[in-house]
Each structure stands twice: as C-alpha cells, then as structure tokens.
Peer 1: 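One structure coming up, written as structure tokens, with questions to follow.
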Amino acid sequence: MDSDSRRTKGTVVHSAESTRSSPFPDEVLERVLSILESRKDRSSVSLVCRDWYNAERWSRTHVFIGNCYAVSPGMVARRFPRIRSVTLKGKPRFSDFSLVPDDWGADIHCWLVVFALKYPFLEELRLKRMSVSDESLEFLSLNFLNFKALSLVSCDGFSTNGLAAIATHCKNLTELDIHENDVDDKSGSWLSCFPENFTTLEVLNFANLSNDVNFDALQRLVSRCKSLKVLKINKGISLEQLLELLVCAPQLMELGTGSFSQELMAGQNGELGSAFNNCKSLHTLSGLWDATAAYLPALFPACANLTFLNLSYATLQSGEFSKLLAHCPLLRRLWVMDTVEDKGLESIGANCPLLEELRVFPADPFDEDIHGVTEAGFVAVSYGCRRLHYVLFFCRQMTNAAVATIVQNCPDFTHFRLCIMNPGQPDYLTNEPMDEAFGSVVKTCTKLQRLSVSGLLSDLTFEYIGKYAKNLETLSVAFAGSSDWGMQCVLGGCPKLRKLEIRDCPFGNAALLSGLEKYESMRSLWMSSCKVTMNGCRHLARKMPRLNVEVMKDDLRDDSHAYKVYVYRSLAGPRTDAPPSVLTL
Amino acid sequence: MDYESDLNLKATELRLGLPGRDEPENQWPPILKNNKRVSAESSESSTTKSNSIVSNAETCHRDSAPPAKVKVVGWPPIRSYRKNNISQKKLDAEAGGMYVKVSLDGAPYLRKIDLKVCKSYQNLLKALEDLFKLAIGEYSEKEGYKESDYAPTYQDKDGDWMLVGDVPWDMFTSSCKKLRIMKRSEARGLGCF
C-alpha cells in the first residue's frame with residue numbers, strides 16, 4: 001500500500017476490488033473521514049475496505065502509539081503520510097515505581113530522526129515514560145519549523161538545557177508542558193531564552209522544576225502572551241509574585257500556584273483576593289504547596305467556577321479544607337492529600353454533588369501507624385457524590401461492607417483504583433479477605449474499564465473479575481491471589497483486557513501460558529516477582545512469534561526464575577536497543 | 001532525643017490478630033500489673049483466632065507475602081516524583097511542627113497530632129476527641145478525667161507516663177514524647193481515680 005499508487009489511481013488499471021468500492025471520489029471520502037477524531041473509530045474505518053483504509057490514512061493528522069516498541073517509526077511514516085501530532089508512550093507503567101532499570105530504553109531519538117524526514121511539519125509531540133536527551137530536544141527545536149506543542153510526562157534523561165533549546169528555537173511554540181519528569185534541573189535560566197518578540201504561548205507548565213526562574217522574564221513573557229490560558233508555576237515563585245502574574249493574566253483558565261505560604265504585606269491579601277476575583281475563566285487550580293489556612297480565603301472568589309481542584313501537594317487539615325470546599329459547588333475533579341482525613345472527605349460529600357473524580361494521596365505512605373483516611377470517609381463521599389466514576393484511594397484500612405455500600409451508591413465507576421497500603425491486609429473488622437469488596441465492584445459497575453486491587457485477596461477475586469468485568473481494559477494486581485487459577489480466570493474472561501500488570505503474586509507458568517491466545521489482543525503484560533520461570537517464558541516466545549517476551553534478570557536469584565517479565569505484541573519484531581539486563585527471548 | 005528506644009515497636013506492630021491483646025508489660029507503670037490476669041485471659045482466646053487467621057492468610061499468600069515491616073520496592077505505588085516531594089515536605093513540616101504519635105487502647109492504629117497547632121490543653125483534648133470519636137471531658141486536679149471512660153496520658157522525656165494536664169502547657173509540650181489514651185480503669189496511680 002505505498003503512497004505513490006494512491007495518487008496515480010486514475011491511470012492505473014483498477015483491480016476488481018477497487019471498482020466495487022465507494023462511489024465517492026477519494027477526496028470526498030477523505031474529507032468526511034477527516035472529521036473523525038476518535039482513534040477507535042478510525043481503526044474501525046480503516047478495516048472496511050482498501051479504499052477506506054487509504055482514505056483514512058491520508059486524512060489522519062494525529063497518531064497515538066501506546067507502546068513505542070509495538071511498531072517502528074518507519075512503519076508509522078509509511079502508513080500515515082500527513083501526521084502533525086504524535087503521542088508516544090514508552091516504558092511499562094511500573095517504571096513509575098522504580099521497577100524498571102534506568103537504561104531500559106524507550107528513547108525518542110530514533111523517532112525524531114524519521115519524523116524530521118517524513119513529518120517536517122510536525123506540530124505536536126506528547127511523550128509519556130520516554131527517555132529524552134537534551135540532544136533530542138535540541139534536534140526537535142531545530143528540525144521542525146512549525147513545531148507548536150511539547151508535552152513531557154514522567155520522562156527522564158533531559159535537563160533544563162534541553163528546555164532552553166526549545167525556548168530559543170521554537171518560534172511558533174504554543175505549549176510547553178513539563179509534568180512530573182525526572183529532570184536534571186541545572187538552572188532556571190531556560191525561561192529567559194524565550195525571545196522578547198515571542199508571543200504565541202498558550203500553555204506553560206513548569207511546576208516540575210525547582211530552580212528559580214528569572215521572575216522579570218516570566219512576568220514579561222506572561223504579559224505579552226495574550227493567549228496564555230494555562231500557567232503552572234513552580235514552588236520558587238512567591239505569593240507576592242503570583243499576585244503580579246495574575247494581574248497580567250486575568251484570562252487564565254488553569255492556574256498552578258507556587259508556594260502559598262509566604263508572609264504578605266498588609267493589604268496584599270485583599271489584592272490577591274481581588275486578583276482571583278478577576279480571573280473569571282479560571283476552572284482549574286493546582287500547586288498550593290505549603291498552603292496555610294491564612295491565605296486560602298484569597299482563593300474563595302475564584303472557586304465558584306472551579307471544576308478541577310488539585311490539592312495533592314497541599315497538606316491541608318480538615319478545617320481549612322472544608323471551608324475552602326464550601327466555595328466550590330461545581331467541582332468535578334478533586335485531588336487531595338489524606339491529611340484532610342475522614343472529616344475532610346465528609347465535607348466533600350456535603351459540598352460537591354457534581355463530583356466525578358476523586359484522588360486521595362497518602363501524606364505518610366511509609367509510616368504504617370498513620371491512618372489518614374478510612375473507609376468511613378470513602379463511604380461518606382459516596383453518599384454525597386453519586387456521579388463519582390473515577391477514584392484513586394490510598395488507605396490503611398478497608399472493609400468489604402464499605403466497598404459494597406460505595407458501589408451501590410455510585411454504580412457508574414469506570415476507574416476504581418483502591419490501594420490498601422499494607423500488602424495482603426484483610427477486612428479489618430471481619431478479618432476476611434477483601435474478595436467480596438472487589439466482587440461487588442465488578443458485579444455492580446458494569447462500565448468498569450480500569451481496576452486496581454489490593455488487600456488480602458484469594459483466587460475468588462479473580463473469578464469474579466473474569467466473570468463480571470466485561471468492559472475491563474486495565475487491571476493492576478499486587479500481593480494477591482492463591483494460585484495460577486486466579487490469573488487464568490482473568491485471562492479466560494475479560495474480553496476487552498488490554499493491559500495486565502502483576503507484581504508479587506503466586507502466578508506461575510501455567511497462568512502465563514493460559515493467556516497464549518490472548519496476548520496478541522492486548523497491549524502488554526507485566527509480571528514481576530511471580531513464579532514464572534525462564535522455561536515458561538521461552539515457551540511463550542516460541543509459540544507466539546509476534547509477541548516480544550522480555551525478561552529482566554535479578555542477579556541475586558536463581559537463573560531459572562524469571563524475575564520481571566514484560567510481554568507485548570509488536571509488528572516491529574524484537575527490539576535492537578535492549579540493555580544487557582533485558583533479555584529478549 | 002533518646003526516646004527512640006522507648007518506641008516499643010511491638011506495641012505498634014501490625015498483626016492479623018484482634019486488637020488490644022498482648023499489651024507489653026514493661027512499658028507501663030507497675031500498677032498496671034494488677035490487670036495482668038485479665039489481659040492474659042483475653043489474649044488466650046484471641047490467640048487461637050489470630051492463629052487461624054494467619055493460616056488463612058498463608059493459604060492466600062504462600063510465599064509471596066513480604067514480612068510486615070520490610071520496605072518493599074515500589075510500594076505503595078506512588079510515583080517517584082510525588083514520593084520525593086512528600087519526603088521533603090515531611091522534613092519541612094516536622095521541623096516546623098511538634099508531631100507526636102497518639103495511641104488509643106483498643107484501636108489497632110496510631111494517629112499523629114501536632115501539639116504546636118493545639119496551643120492549649122482544651123484544644124488538644126478536643127482534637128483527641130475528634131480524632132478518635134470519644135468523650136474525654138475535663139481535667140480536674142483532684143479527680144482527673146472522672147467524667148470519661150478514657151484518660152489521656154503522655155510519656156515524658158524521662159520515660160514516665162503521666163496524666164495529661166498535670167503540668168503547665170508549655171512544660172507539657174516540651175517534654176511530651178508520645179500520647180496514649182488509656183482506659184480509665186487502667187490509669188490508676190497516675191493521679192486520678
């Protein structure tokens with residue numbers, strides 16, 4: 001299906017197949033298909049017939065690659081000639097928790113080299129869990145003249161020098177989003193590299209970086225970029241400086257504050273309040289590091305229209321938190337720290353009836369004695385927030401009964417991620433396993449797409465999941481299960497399963513191999529510290545040549561044990577850039 | 001700051017057994033030894049139950065359950081970025097505040113409270129009441145906390161257990177290492193009935 005044949009179609013003898021195809025000229029079909037945005041729709045469209053496949057590939061401007069090793073850059077470029085925007089994801093998700101070696105791979109550079117040749121008009125690049133070097137960032141800034149949007153989430157390998165190159169050379173930049181990366185923060189001078197005549201910025205997020213930027217340069221930048229909609233500053237910027245920025249940019253829609261605890265001079269608190277009052281379009285607020293109760297009231301005028309409040313870096317106590325929430329009736333997404341405790345969760349239930357997403361993070365994740373929130377708080381939220389469909393909840397105690405109540409109140413969960421932080425902990429009231437809790441989740445929440453389980457779980461949990469979770473796409477399991485049967489149930493049920501990640505479970509070769517037929521319909525499987533052996537992995541690799549079976553060895557353990565296994569489907573064959581610690585079978 | 005050795009990790013150790021059993025004897029004032037027989041009985045009956053729970057757990061886990069107190073890599077599943085932020089915050093917060101652990105007899109888990117934020121006994125008692133959802137009432141020099149089933153006690157710099165409220169607030173905050181809300185019946189000899 002090469003690009004040339006499509007353009008000269010008029011002069012080439014048609015095969016019987018194409019004369020039967022669509023009565024529309026290709027250009028019309030392309031125009032119609034270009035309206036399609038959903039990649040699932042585009043995928044379906046491309047399977048209809050050859051003409052539609054072609055029209056779709058010519059009309060596609062954005063490509064999403066969920067696993068950078070599933071396909072090669074050349075293959076992408078050959079199929080999609082007109083790409084302007086690329087989203088790439090690299091390392092397995094457990095790399096976020098230090099389970100993947102630093103040199104594992106997912107380097108962006110080889111992609112950029114191909115893109116420079118095939119997509120010189122590339123405008124957007126969004127990367128998650130990729131390795132990105134300063135050289136790559138410089139290459140990006142010099143080779144794509146129309147480059148507009150760069151988003152780096154959970155990436156590593158670069159320093160602020162790379163950001164300086166982007167700021168210096170990307171004349172049409174609209175978005176620079178640096179989010180939760182492992183950056184080598186050398187200095188804040190990168191921000192001063194934006195030229196004085198540069199005005200196109202719409203999104204700037206540098207909350208990730210700790211070194212102070214030149215505040216004057218920032219203020220001038222914010223003042224002259226009239227289309228700036230999103231501004232997320234770092235901790236180094238004081239309340240007083242924030243005030244100056246807000247005055248320059250009342251049109252902001254998303255704001256991430258800096259440190260929220262410095263002493264303001266008399267009168268400035270009032271000024272801050274009125275600055276917030278002037279931000280009529282503000283719908284998202286984050287940052288608020290070290291927020292102290294004294295300054296929170298300045299936020300109140302901005303809260304009326306807030307739909308997303310991210311307090312996950314602010315150690316608020318329940319009192320000040322409740323006062324703040326009373327001003328946020330339209331909240332749809334809320335991220336908090338468990339320092340707000342159950343009382344804080346109760347006030348969420350009382351004040352936020354429109355809430356759809358709640359994430360509760362632990363302030364003291366390594367101190368087993370400290371309980372931030374409990375099941376009582378979670379239940380309270382569920383009574384008040386019936387539209388809740390996304391939850392991420394870290395706690396140290398939970399009961400089967402509480403979870404059953406929660407899902408009864410909120411049956412529309414699409415994402416249910418419960419982390420009972422002590423591995424293998426039972427229902428603390430009955431001392432039974434938490435099987436019935438997750439059973440009630442999968443039985444009641446028929447739209448469930450993503451599930452993370454925890455606590456003491458037997459194979460029964462997985463029987464329930466396999467039997468009831470018909471829409472489940474992502475499952476995360478840790479310290480759970482009794483035998484291979486558990487994993488077999490999941491692989492035998494769950495027709496829409498795409499990502500399965502497992503750690504520290506008693507699942508072995510029988511379980512691994514029961515998914516033989518299934519893995520090609522999934523993006524990936526991760527199993528670490530389970531009971532899988534090298535022989536089992538080799539068997540899988542032999543039987544399924546279109547899967548890449550990679551094993552990470554652990555020097556301390558016996559050679560036959562497969563310490564970490566990562567299995568994924570790929571059209572590109574085994575990768576050639578694996579480090580010595582990663583064996584491709 | 002020698003109190004680390006007095007932390008008595010066994011008292012705060014997470015187990016699958018019922019809470020409240022097996023209180024360590026050497027930590028408490030000698031007067032508590034009167035209750036030894038009572039606690040021995042209750043601990044016997046709870047032992048059998050906890051043994052069976054442990055064996056259930058073993059069926060569920062086989063050898064993949066880590067020992068309770070070993071720090072496991074990548075667990076809890078919090079992104080490195082967030083973890084680094086938290087540890088810095090914790091250092092900052094605890095440098096500024098005066099956090100002490102609080103235990104409640106019968107509750108399996110501890111809480112933390114910032115004495116600096118409390119500023120007075122009244123606030124401290126209210127905070128404890130809110131935290132554990134119980135009534136402590138007021139302190140009286142002669143009769144202690146006679147209106148309540150509970151008596152808040154604290155361990156001071158010398159390792160002695162004292163009744164909360166018996167010294168001026170500032171002296172209390174500078175010497176308090178830990179708080180324990182005892183059942184009133186066990187708090188005899190600490191200056192109250």
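In this text the structure is predicted, and so the values were computed from the model without any measurement. Below, chain A is the first sequence line, B the second, and so on; all start at residue 1.
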Peer 1: With a 4.5 Å limit on heavy-atom distance, are the side chains of B/P76 and A/P362 in contact?
Peer 2: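 Not touching, per the 4.5 Å side-chain cut-off.
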Peer 1: Just to verify, what does A/N234 make a side-chain hydrogen bond (donor to acceptor under 3.5 Å, both in side chains) with, not counting sequence neighbours?
Peer 2: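 Residues passing side-chain hydrogen bond (donor to acceptor under 3.5 Å, both in side chains) with A/N234: none at all.
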Peer 1: Flag the pair B/K112 / A/D364 as yes when at least one side-chain heavy-atom distance between them is below 4.5 Å, and no otherwise.
Peer 2: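 B/K112 vs A/D364: side chains touch.
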Peer 1: Heavy atoms, side chains only, cut-off 4.5 Å: are B/V72 and A/F479 in contact?
Peer 2: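 The answer is yes; the side chains approach within 4.5 Å.
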Peer 1: Considering only heavy atoms, which portion of A/E432 lies under 4.5 Å from any heavy atom of chain B: side chain, backbone, both, or neither?
Peer 2: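 No part of A/E432 comes within 4.5 Å of chain B.
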Peer 1: Test A/D96 against B/R82 for salt bridge (Lys or Arg N to Asp or Glu O under 4.0 Å), laying out the working first.
Peer 2: CA-CA 10 Å; A/D96 284 349; B/R82 185 172 286 281; over 6 Å; no
Peer 1: Does B/R79 use its side chain to pair, donor to acceptor, with the backbone of A/S154 at less than 3.5 Å?
Peer 2: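 Between the backbone of A/S154 and the side chain of B/R79 there is no qualifying donor-acceptor contact (under 3.5 Å).
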Peer 1: Please classify the contact between A/F94 and chain B as side chain, backbone, both or neither, with a heavy-atom cut-off of under 4.5 Å.
Peer 2: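 Answer is neither: A/F94 stays 4.5 Å or more from chain B.
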Peer 1: Hey, are the side chains of B/W75 and A/R503 touching, using non-hydrogen atoms and a 4.5 Å cut-off?
Peer 2: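 They are in contact (side-chain heavy atoms under 4.5 Å apart), so the answer is yes.
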Peer 1: Apply the test side chain to side chain contact (heavy atoms under 4.5 Å, CB included) to residues B/V73 and A/F97: give CA-CA distance (whole Å), side-chain angles for both, the deciding distance (0.1 Å), then the verdict.
Peer 2: CA-CA 8 Å; B/V73 174; A/F97 318 128; over 6 Å; no
Peer 1: Around atom CH2 of A/W485, are there more than 12 heavy atoms from other residues, nucleotides or ligands closer than 6.0 Å?
Peer 2: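 No, the 6.0 Å shell around CH2 holds no more than 12 heavy atoms from other groups.
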Peer 1: Do you know which of A/G372, A/S210, A/S312 has the most heavy-atom pairs under 4.5 Å to chain B?
Peer 2: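 Counting heavy-atom pairs under 4.5 Å, the top option is A/S312.
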Peer 1: Please report the interatomic distance CG(B/N84) to CD(A/E180), rounded to the nearest 0.5 Å.
Peer 2: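 These two atoms lie 11.0 Å from each other.
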Peer 1: Enter the distance from B/S80:OG to A/N181:CG here, rounded to the nearest 0.5 Å.
Peer 2: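 CG of A/N181 is found 11.5 Å from OG of B/S80.
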Peer 1: Counting neighbours of CG on A/D102 that are heavy atoms of other residues, nucleotides or ligands and sit closer than 6.0 Å, is the number greater than 12?
Peer 2: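 Incorrect, the count does not exceed 12.
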Peer 1: Would B/K83 and A/F366 satisfy side chain to side chain contact (heavy atoms under 4.5 Å, CB included), going step by step from the backbone distance to the final call?
Peer 2: CA-CA 10 Å; B/K83 241 186 348 197; A/F366 302 112; 3.3 Å; yes
Peer 1: When only pairs under 4.5 Å are counted, which of A/D182, A/L99, A/N208 shares the most heavy-atom pairs with chain B?
Peer 2: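 So the answer, after comparing A/D182, A/L99, A/N208, is A/N208.
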